[in-house]
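Accompanying notes for the structure given below.
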Amino acid sequence: MAGIGEQAPDVTFEGPDGAQTTLAAWRGQPLVLYFYPKDDTSGCTKEAQDFTELADAFAAAGVALLGVSKDSAKKHKAFTDKYGLKVPLGTDADGVLLEAFGAWVEKSMYGRKYMGIDRSTFLIDKDGRIVREWRKVKVPGHAKEVLAAAQAL
């Protein structure tokens, strides 16, 4: 599992355009990579809307945004269109990227254990190193906190 100060794992996943890509495609500019459980659910929608609201500020700071879940590109498009999202969304259907960042974790609800996505965010510098991480993210105020950290790079 990659941690702060380490090179971001460069595994292959489906990028926002539906083509296979790696995180190396974003090198040369800082990147906010956030993992979220599922399109069109309340917390994930609010998180995507918050990042969308601040998308211009991230762009002004020269920082790219990328949200990733296991949802398909088709679901991402419907989600993006429904809410007018400005955040590109990638698909990690096989969970390789999620596992590389330690965001595929055991969860528990009503006594039942299952594997799922830990809402987490990573700030990666222009050279591909992880400089900040947020685990078990609570959505309110999170995007603003990430923006402040990104602007401080």
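Treat the numbers as computed from the prediction; the structure is a model and nothing was measured.
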Taking [X] for its side chain and [Y] for its backbone only, find out whether a donor-acceptor pair lies under 3.5 Å.
X: H76; Y: D71; answer: yes
X: D10; Y: T22; answer: no
X: D125; Y: D127; answer: yes
X: E99; Y: V96; answer: no
X: R132; Y: A150; answer: no
X: D118; Y: S120; answer: no

query: According to the interplanar angle, ranging from 0 to 90°, do the rings of Y34 and Y36 count as parallel (below 30°), tilted (30 to 60°) or perpendicular (above 60°)?
result: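 Tilted.
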task: For the residue pair W26 and F13, categorise the inter-ring angle as parallel (less than 30°), tilted (30 to 60°) or perpendicular (more than 60°).
output: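 The rings of W26 and F13 lie parallel, inter-plane angle below 30°.
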Linking I/L/V/M/F/W/Y whenever any side-chain heavy atoms sit under 4.5 Å apart, do [X] and [Y] land together?
X: V139; Y: V146; value: no
X: W104; Y: I130; value: yes
X: V11; Y: L89; value: no
X: L147; Y: L85; value: yes

query: Step by step, would you call D39 with S69 a side-chain contact (heavy atoms from CB on, under 4.5 Å)?
result: CA-CA 8 Å; D39 289 347; S69 76; 4.1 Å; yes
message: Go through it in stages, so that I can follow the logic: the residues are D56 and K86, the test is salt bridge (charged side-chain N to carboxylate O under 4.0 Å, His left out), and I'd like the CA-CA distance, side-chain angles, deciding distance and then a yes or no.
response: CA-CA 9 Å; D56 291 341; K86 294 181 185 177; 3.8 Å; yes
Between CD1 on residue I4 and CD on residue E133, distance to nearest 0.5 Å: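 Between I4 CD1 and E133 CD, I get 4.5 Å after rounding to 0.5 Å.
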- prompt: Between NZ of K136 and NZ of K138, what distance do you get to the nearest 0.5 Å?
  reply: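 The distance works out to 8.5 Å.
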query: Passes side-chain contact (heavy atoms from CB on, under 4.5 Å), Y83 versus T52? Steps please.
result: CA-CA 10 Å; Y83 295 101; T52 292; over 6 Å; no
- prompt: Does NZ in K126 sit with more than 12 non-hydrogen atoms of other residues, nucleotides or ligands closer than 6.0 Å?
  reply: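 It does not: K126 NZ has 12 such atoms or fewer within range.
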message: Please check if the number of heavy atoms outside K107 that lie under 6.0 Å from its NZ is greater than 12.
response: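 Enclosed.
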Would a 4.5 Å heavy-atom cut-off, applied to side chains only, mark [X] and [Y] as touching?
X: V68; Y: I117; result: no
X: L153; Y: P30; result: yes
X: T121; Y: V32; result: yes
X: L23; Y: L97; result: yes
X: Q151; Y: F58; result: no
X: Y114; Y: E106; result: no

For residues [X] and [Y], report the shortest heavy-atom separation together with the two atoms involved.
X: G102; Y: R135; value: O-NH1, 3.2 Å
X: I124; Y: A8; value: CD1-CB, 3.9 Å
X: A73; Y: T91; value: N-OG1, 3.6 Å
X: A55; Y: L65; value: CA-CD1, 4.1 Å
X: G67; Y: V87; value: N-CG1, 4.0 Å
X: L66; Y: G90; value: CD1-N, 3.9 Å

Does [X] come within less than 4.0 Å of [Y], counting only side-chain N to carboxylate O?
X: E47; Y: R119; result: yes
X: D40; Y: K82; result: yes
X: D50; Y: K144; result: no

query: Taking the six-membered ring for Trp, are F101 and F122 ring centroids under 6.0 Å apart?
result: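 Yes, the ring of F101 comes within the 6.0 Å limit of the ring of F122, centre to centre.
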message: Applying side-chain contact (heavy atoms from CB on, under 4.5 Å) to K70 and L98, what does each step give before you reach the verdict?
response: CA-CA 9 Å; K70 286 187 152 225; L98 288 159; 3.7 Å; yes
message: Apply side-chain contact (heavy atoms from CB on, under 4.5 Å) to residues T41 and C44 and explain how you reach the verdict.
response: CA-CA 5 Å; T41 57; C44 298; 3.3 Å; yes
